[in-house]
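Structure first, commentary second.
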Amino acid sequence: MWRGCRRLLWVRCPPARLHRPPPAADGGGPAGPCGRRAYAPPGERKRFYQNVSISQGEGGFEINLDHRKLKTPQAKLFTVPSEALAIAVATEWDSQKDTIKFYTMHLTTLCNTALDNPTQRNKTQLIRAAVKFLETDTICYRVDEPPALAELQKNEWDPVVAWAEERYNVTIGSSTSILGPNIPASTKETFISHLASYNMWALQGIEFVITQLKSLILSMGLIDRHITVEKAVLLSRLEEEYQIRRWGNVEWAHDYDLCELRARTAAGTLFVHLCSESSTVKHKLLQD
Amino acid sequence: MAVLGAPLRTLRALLRELRHAAGRHYRDSPAYRHVLAAFRAHRVTSEKLCRAQQELHFQAATYLCLLRSVREHEALHREYHGKGERSPEEVAGLVGFRLPQQPGGKG
């Protein structure tokens, strides 16, 4: 997955380009203003800023680390269209203690992806990649045995498929064969035209969520606020949960993966909602 | 609509997470103030089922899930995957040996 490779690249060359060369982040460097002398293994940056604040520029909202403006890995200025998103990104940067852990900053990653578009995909290619997941959608693939798992899949996944079919007026179905369900072209057309109504930023977020959950239908359920993030992650990992209940939970693997998936899905969903909303406040007079 | 529970519960949990994330002066952080302002603004409406209220509640629940799972993920990472390599002394100690001490240095 190219996203994993990008994280490796980030570890080697730090993403935040600043106006002046960054201070030396080697272990045992000169003590900072508060006497912080934590050893950071090479590849991790120490927190070099005290305050994180937001300012509004021409393109949108920008993040300031102390007095330096945040930039994307491709050295573009980091601007987001929505204030709430800027606040969330600033909170991410502010919550880093001692070292900067880029793998926990999912919203920043998503914004950087939307701004840089490193894979150079246009809107049609993104939509096509997203709808392609429908053919291999997780909740359309059922098992025959063990019967308990087949029953669980039917009880948990069928309502979501039924909801999607009703909401979008399409036929999806499910299958137990290795080839998967036969998705008619009209279904794909409907989804393509529905996704085309989102802007480029929201589409990046949607494609990210689909890739994480491995399911287009669950992602649409999240975007339409039909299911919560926890429920979507649970449905996506249904077989794993079944096996955990049967054989036991391994904290350093199962919980680790669960938390990571939840974090990424929540970040993607929040990103999509913040990028595709516009809020107005109408003050009504109280009448009695 | 998603099963979300009471908005007050989500708000309190979200503010608690922001407290963990922000540190000392969490009440002055922009996120804290924004969340409180947003919840206050959507409190009074004349409709029984307010769509904007539902949307805000869903967004708050999503953000809460994000903050909580990032914190738990980091804690798990620190506990299980963040130890790094052992030093040569520790490795020798695993099998009961000690590294030789050479007062004049090696070779």
Side-chain angles (χ1 to χ4, degrees), chain A residues 39 41 52-54 83-84 86-92 94-97 101 103-107 221-222 224-233 250-274 277 279-284 286-287, chain B residues 1-5 10 14 17-26 28-35 37-38 40-42 44-47 50-85:
Chain A
Y39 170 67
V52 184
S53 56
I54 303 159
E83 188 183 1
I87 293 180
V89 173
T91 317
E92 267 185 359
D94 206 15
S95 62
Q96 305 299 319
K97 306 186 180 12
K101 298 182 168 61
Y103 58 84
T104 56
M105 294 158 60
H106 302 288
L107 286 173
L222 266 180
D224 292 334
R225 301 184 183 89
H226 176 71
I227 43 178
T228 59
V229 173
E230 285 94 345
K231 176 97 179 163
V233 165
V250 176
E251 199 180 18
W252 52 261
H254 290 136
D255 280 347
Y256 189 77
D257 284 340
L258 177 67
C259 290
E260 186 162 10
L261 187 59
R262 267 192 194 161
R264 293 200 189 170
T265 315
T269 316
L270 193 65
F271 185 78
V272 170
H273 284 147
L274 289 175
E277 71 168 7
S279 57
T280 51
V281 181
K282 262 202 313 215
H283 291 280
K284 289 163 82 167
L286 281 173
Q287 293 165 344
Chain B
M1 274 292 130
V3 180
L4 281 176
T10 318
L14 183 54
E17 288 294 330
L18 283 173
R19 236 173 89 176
H20 286 306
R24 198 85 185 280
H25 304 285
Y26 61 94
D28 302 324
S29 61
Y32 200 88
R33 280 179 289 172
H34 179 87
V35 165
R40 280 198 193 116
H42 283 85
V44 181
T45 61
S46 51
E47 300 170 50
C50 179
R51 189 149 170 246
Q53 219 171 33
Q54 292 265 346
E55 285 180 10
L56 173 70
H57 190 196
F58 189 87
Q59 255 180 43
T62 311
Y63 193 36
L64 168 66
C65 180
L66 170 64
L67 290 175
R68 197 189 272 158
S69 33
V70 162
R71 187 169 53 91
E72 287 171 3
H73 175 66
E74 241 190 283
L76 282 172
H77 184 86
R78 257 198 314 263
E79 190 175 338
Y80 292 112
H81 301 282
K83 288 276 163 52
E85 274 188 18

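Order of the sequence lines fixes the chain letters, A, B, ..., with proteins taken first and strands second; residue numbering starts at 1 for each chain.
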Nearest-0.5 Å distance, CG of residue B:L67 to CD of residue A:E92: 8.5 Å

Quick check for you: to the nearest 0.5 Å, what is the distance between A:C259 atom SG and B:H77 atom NE2? 13.0 Å

Does CZ in B:R33 sit with more than 12 non-hydrogen atoms of other residues, nucleotides or ligands closer than 6.0 Å? yes

Using a 4.5 angstrom heavy-atom cutoff, name the option from [options] with the most pairs to chain A.
| options | value |
| --- | --- |
| B:A31, B:C65, B:A22, B:A38 | B:C65 |
| B:E79, B:R68, B:R71, B:Q59 | B:Q59 |
| B:H34, B:E55, B:E74 | B:E55 |

Which one wins on heavy-atom pair count under 4.5 Å against chain B: [options]?
| options | answer |
| --- | --- |
| A:K97, A:E251, A:E230 | A:E251 |
| A:G221, A:A90, A:A88 | A:A88 |
| A:T91, A:T265, A:L274, A:L270 | A:L270 |

In short, A:I87 meets B:P30 closest at the heavy-atom pair CG2-C, 3.8 Å

Nearest non-hydrogen partners of B:L66 and A:A263, listed with the distance: CD1-O, 3.3 Å

Per-residue contact mode, [X] against chain B (heavy atom under 4.5 angstrom):
| X | result |
| --- | --- |
| A:K101 | side chain |
| A:A86 | neither |
| A:L222 | both |

With a 4.5 Å heavy-atom cut-off, do A:T228 and B:L4 have their side chains touching? yes

When the ring planes of B:H81 and A:W252 are compared, do they come out parallel, tilted or perpendicular, using 30° and 60° as the limits? perpendicular

On the 0 to 90° scale, with breaks at 30° and 60°, tag the A:Y256-B:H73 ring pair as parallel, tilted or perpendicular. tilted

Quick one: what part of [X] sits under 4.5 Å from any heavy atom of chain A, side chain, backbone, both or neither?
| X | result |
| --- | --- |
| B:Y63 | both |
| B:L18 | side chain |
| B:T62 | both |
| B:A61 | neither |

